[in-house]
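Everything on this sheet refers to the single structure shown next.
Naming convention: chains lettered A, B, ... in sequence-line order (proteins, then strands); numbering from 1 in each chain.
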Number of protein chains: 2
Amino acid sequence: MVRRLDDRATWLVGRAHLRSHRLLHEAFAEAGARPYHYRVLAALEESGPLSQADLGRLTDLDRSDVTTSLDALGRSGLTVREPDPAHRRRNRVSITEAGRAELLRLDAVLSGVQDRFLGPLSEPERVVFLDLAARLAGDGAPGGPGRSG
Amino acid sequence: MVRRLDDRATWLVGRAHLRSHRLLHEAFAEAGARPYHYRVLAALEESGPLSQADLGRLTDLDRSDVTTSLDALGRSGLTVREPDPAHRRRNRVSITEAGRAELLRLDAVLSGVQDRFLGPLSEPERVVFLDLAARLAGDGAPGGPGRSG
DNA sequence: CCTGATTGTTGGTCCGACCAACATTACATG
DNA sequence: CATGTAATGTTGGTCGGACCAACAATCAGG
């Protein structure tokens, strides 16, 4: 207990995130998955086939991390990379049927995690928290809206 | 924008933490300090001389991370390690005058970060958020309340 | 055509959060 | 007292997440 920390928003958010992250990581590990992979699967399922660059922008992943995630997901048959006929440098990434099934499975896992994470709050409090947290999340970009690099 | 993520508490907390962490890290780096070091200085100033193990428990740092933090802080003359006369295996760590001054300086930096981080919220909203976040932070221990190891 | 951006990949870095092992020392209990 | 168990500080790692730089290939605009 360090008083100087205990009322700092950055500290509290950090500790909350630590707990959230541990719950999430643990649950996903048990399910044989990883958070990055879930992000990718979710984006593909919701937006249809995408280039890796677009995938990165949607999921807030670096291009290089998209690459390695797709390597793993592809190895498990959850996604497919094909060359984009219109842009030969671009890949067209899609989710497979197995990927959709996996996503559903992970959706359930994630929901369980939410419940455990939000356990300390009542229903109305959860609603308030989600709103405030979303506003504090902002766009996260250091250089104002619409990062380009 | 991945809808499946945008209403998940874990995602929101993660993004909020990312923004918080970037602000904090940036500001501290500019001030020539690091978050771990601030934690240590704060604990020492508030609790007086401590063993490294106690320091770790107070700040939620691993013993090994306390060691390396104290190496750096000691090199800068902000803390002092002396052998504890009562327990020869134990070190008695204290903050120096320079350390106190540095802590004050970093307090100001931290306060600035809080303001920027909480910018999107009104004053009353901030109060609510701090309360909810503190409850979600819990004690962070994986094995139930009251970790002992 | 040439320049500048974009794409995917490789191979890193950095920080925070751990963990294991070890020698040393303290402590509880037989 | 002896003996085992716990705690301390240090070293040397691991892992995940979030990056960054550089490169070759390709596209898009002037």
**Crowding at CD, E82(A) (>12 non-hydrogen neighbours, <6.0 Å)** = yes
**Prompt:** Should D71(A) and R81(A) count as an ion pair when the cut-off is N to O under 4.0 Å?
**Reply:** yes
**Residues which pass ring pair (Phe, Tyr, Trp, His ring centres under 6.0 Å) with H25(B), listed by chain and number, not counting sequence neighbours** = H21(B)
**Message:** Please give me the minimum heavy-atom distance between A16(B) and F117(B), naming the atom from each residue.
**Reply:** O-CE1, 3.5 Å
**Request:** Heavy atoms only: give me the nearest E102(B)-A33(B) pair and the separation to one decimal.
**Result:** OE2-CB, 4.1 Å
**Backbone N/O of V93(A) and side chain of Q52(A): donor-acceptor pair under 3.5 Å** = no
**Prompt:** What's the CG-P distance between D84(A) and dT7(C), to the nearest Å?
**Reply:** 11 Å
**Request:** Respond yes when some side-chain nitrogen or oxygen of R90(B) is under 4.0 Å from OP1 or OP2 of dA6(D), and no when none is.
**Result:** no
**Asked** In terms of hydrophobic clustering (I, L, V, M, F, W, Y; side-chain heavy atoms under 4.5 Å; direct or indirect links), are L5(A) and V109(B) co-clustered?
**Response** yes
**Non-neighbouring partners of Y38(A) that pass ring pair (Phe, Tyr, Trp, His ring centres under 6.0 Å), sequence neighbours left out** = F28(A)
**Prompt:** Under a 4.0 Å heavy-atom cut-off, which of residues 34-42 of chain B touch DNA chain C?
**Reply:** R34(B), P35(B), Y36(B), R39(B)
**Prompt:** At under 4.0 Å, does any side-chain N or O of R92(A) touch on OP1 or OP2 of dG8(C)?
**Reply:** no
**Message:** Near DNA chain D, counting only heavy atoms under 4.0 Å, which residues of residues 46-55 of chain B show up?
**Reply:** S51(B), Q52(B), A53(B)
**Prompt:** So, R3(B) and D6(B), do they make that salt bridge, N to O below 4.0 Å?
**Reply:** no
**Request:** Could you check how far CZ of R22(A) sits from P of dA17(C), rounded to whole Å?
**Result:** 9 Å
**Prompt:** Taking the side chain of H25(B) as its heavy atoms from C-beta onward, which of dC15(C), dG8(C), dC18(C) lies nearest to it?
**Reply:** dC15(C)
**Request:** Return the value, rounded to whole Å, for the distance between atom CH2 of W11(B) and atom C1' of dA18(D).
**Result:** 12 Å
**Asked** Closest approach of I95(B) and L103(B), non-hydrogen atoms and distance?
**Response** CD1-CD2, 4.5 Å
**Whole-Å gap separating C1' (dG17(D)) and NE2 (H21(A))** = 7 Å
Show the atom names and distances, to 0.1 Å, of all donor-acceptor pairs under 3.5 Å that link a side chain in residues 123-137 of chain A to residues at least two apart or in another chain.
from, atom 1, to, atom 2, distance (Å)
E125(A), OE1, S122(A), N, 2.8
E125(A), OE1, S122(A), OG, 3.2
E125(A), OE1, R135(B), NH2, 2.9
E125(A), OE2, R135(B), NH1, 3.0
E125(A), OE2, R135(B), NH2, 3.4
R126(A), NE, L118(A), O, 3.3
R126(A), NE, L121(A), O, 3.0
R126(A), NH2, L118(A), O, 3.2
R126(A), NH2, L121(A), O, 3.4
R135(A), NH1, E125(B), OE2, 3.0
R135(A), NH2, P120(B), O, 3.0
R135(A), NH2, E125(B), OE1, 2.9
R135(A), NH2, E125(B), OE2, 3.4

**Fill in**
In whole angstroms, the gap separating P of dT10(D) from CG of L70(B) amounts to 8 Å
**Complete:** Among the nucleotides dT10(C), dA17(C), dG16(D), whichever has the atom closest to the side chain of D71(A) is dT10(C)
**Message:** Suppose we call a contact any N or O donor and acceptor under 3.5 Å apart; does that hold for the side chain of R89(A) and the base of dT26(D)?
**Reply:** no
**Prompt:** At what angle, to 10 degrees, do the two end axes of the helix from dC1(C)-dG30(D) to dG30(C)-dC1(D) meet, given five pairs define each axis?
**Reply:** 20°
**Message:** On DNA chain D, compare the nucleotides closest to T67(B) and D65(A); which residue's is nearer the 5' end?
**Reply:** T67(B)
**Fill in**
Against the side chain of R88(A), the closest entry in dC27(D), dA17(C), dG8(C) is dC27(D)
**Asked** What is the minimum heavy-atom distance between D60(B) and R39(B), and which atoms define it?
**Response** O-NH1, 3.6 Å
**Message:** With nearest nucleotide decided by heavy atoms, which residue, S64(A) or V66(B), maps closer to the 5′ end of DNA chain D?
**Reply:** V66(B)
**Asked** Is any side-chain nitrogen or oxygen of R63(A) closer than 4.0 Å to OP1 or OP2 of dG11(C)?
**Response** no
**Fill in**
Side-chain contact check for D62(B): nearest option of dC18(C), dT10(C), dA18(D) is dC18(C)
**Prompt:** Is there a donor-acceptor pair under 3.5 Å between the side chain of R4(B) and the backbone N or O of E46(A)?
**Reply:** no
**Message:** Can you measure F28(B) atom CZ to dC15(C) atom P for me and round it to whole angstrom units?
**Reply:** 14 Å
**Request:** Identify whether any heavy atom of N91(A) sits under 4.0 Å from a base atom; if not, whether one sits that close to sugar-phosphate; answer base, sugar-phosphate or nothing.
**Result:** sugar-phosphate
**Item:** Euclidean distance, atom CG of residue L23(B) to atom C1' of dC15(C) [Å, nearest integer]
**Value:** 16 Å
**Rounded distance (Å) that lies between atom C1' of dA18(D) and atom CG of D60(A)** = 10 Å
